[in-house]
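Residues: numbered from 1 along the sequence shown. Source: prediction; values computed, not measured.
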Amino acid sequence: MHLDLNLLTALDALLEEGSVAGAAARLRLSAPAVSRTLGRIRRLTGDDILVRAGRTMIPTPYALSVQAQVSDLVRQANQVLTPSRDLDLGTLDRTFTLRCHDALATALAPDLLRVVARDAPGVRIRLLAETPDDTDDLRHGRVDLEIGAGPPEPPEFRSATVGHDGFVVVMRSGHPHAGDLTLAGYADGTHVLVSRRGRLADPVDDILAGHGLHRRVLAAVGSAATAAHVVSRGDSLLTLPSTVCRPLIDAFGLVTAAPPVTLPPVPIVCAWHQRYDSDAAHTWLRGLVRSVFAGLAAPTPRPGSTAGTGSPPEQLSRPEQPSPPEPPS
């Protein structure tokens, strides 16, 4: 049997108003249209629903017995079909899973969790490390938000760029090139790369090749923290995004210099499945990540300075920009 939800809406109005005319006014329909609907309800239920008593109409015993149920069904249907977009963070009970590289997690987590703890006491955050291979966790809801350097390709995913981050060259305090990093010195040095896939080259090598130069990549490691520890104990150089890696740069007492080649800023991109487009809680989370990253943004370190201060490298116009090196991933 095919049931028409409009019949429940009309029945609710008829029982509330106690007349065809009153129900018609409430539903913004004509009285003859509501009268025909009442006829359909009577045939479907086998009950008169409303009967005349003098100049008025009164509900039948059956109508009285189902009135509360009908009203509740109509209310529930309205909640399903017209969900509230209001979000009460105080009562929100949810666990969000985010995935990003370790440097980004280290930079975002303190402020992100501080806001969550203050504003949304029922919310829990899982911060997962990137995996060496791509997964379908975002598609299947095992991850709510991925934060990286590029938008996803499948059309069912959405993405938003929350900011950009310029690169710095990182080295130990007292390094021979601290305060005077030239292109030749950069190319002559040994380098550590951060790559979740273990790549021993990135677009920086193509840029150096354009100058007729070649650098020695000593190692590729899977996390920015490992790379920072390695360069703090030796003379290798490390090229990293400035803002997201600032906590690690500070923690290991490293100094920074502007790259002697022009590197375009790397985008910071949030990606999610389209099922969350209109989810108020997920929208709040995305906005929170954006605002936290904006709060992290600060002037890029000057050549030879300690971490956290400085000026950005020269930027080329968009058509001339080469692809940036792979961020920690």
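- If you look at His191 and Tyr186, their ring centroids are closer than 6.0 Å.
- Glu153 meets the side-chain hydrogen bond (donor to acceptor under 3.5 Å, both in side chains) test with no other residue; sequence neighbours excluded.
- Residues satisfying the side-chain hydrogen bond (donor to acceptor under 3.5 Å, both in side chains) test with Thr91, not counting sequence neighbours, are Asp88.
- Between Thr60 and Asp48, the side chains place no donor N or O within less than 3.5 Å of an acceptor N or O (distance only, hydrogens not considered).
- Salt bridge absent: Asp144 and Arg275 never bring a charged side-chain N and a carboxylate O closer than 4.0 Å.
- In this pair, His282 and Trp272 present their aromatic rings tilted. The plane angle is within the 30 to 60° band.
- Between His273 and Phe157, the two ring planes are perpendicular [angle over 60°; tilted spans 30° to 60°].
- In this structure, OG1 in Thr283 is found 12.5 Å from CG in Leu288, a value given to the nearest 0.5 Å.
- Rounding to the nearest 0.5 Å places CD of Gln274 at 6.5 Å from CG of Asp277.
- With rounding to the nearest 0.5 Å, the separation of CG in Leu128 from CZ in Arg126 is 7.0 Å.
- Look at Asp279 and Arg286 and you find no salt bridge, because none of the NZ, NE, NH1 or NH2 atoms lies under 4.0 Å from a carboxylate O.
- Between Arg215 and Asp202 there is a salt bridge, since a side-chain N of the basic residue sits under 4.0 Å from a carboxylate O of the acidic one.
- Listed by chain and number, the residues in a side-chain hydrogen bond (donor to acceptor under 3.5 Å, both in side chains) with Arg142 are Asp136, Asp137 (sequence neighbours excluded).
- Side-chain contact between Leu263 and Val204 is present, with at least one heavy-atom pair separated by less than 4.5 Å.
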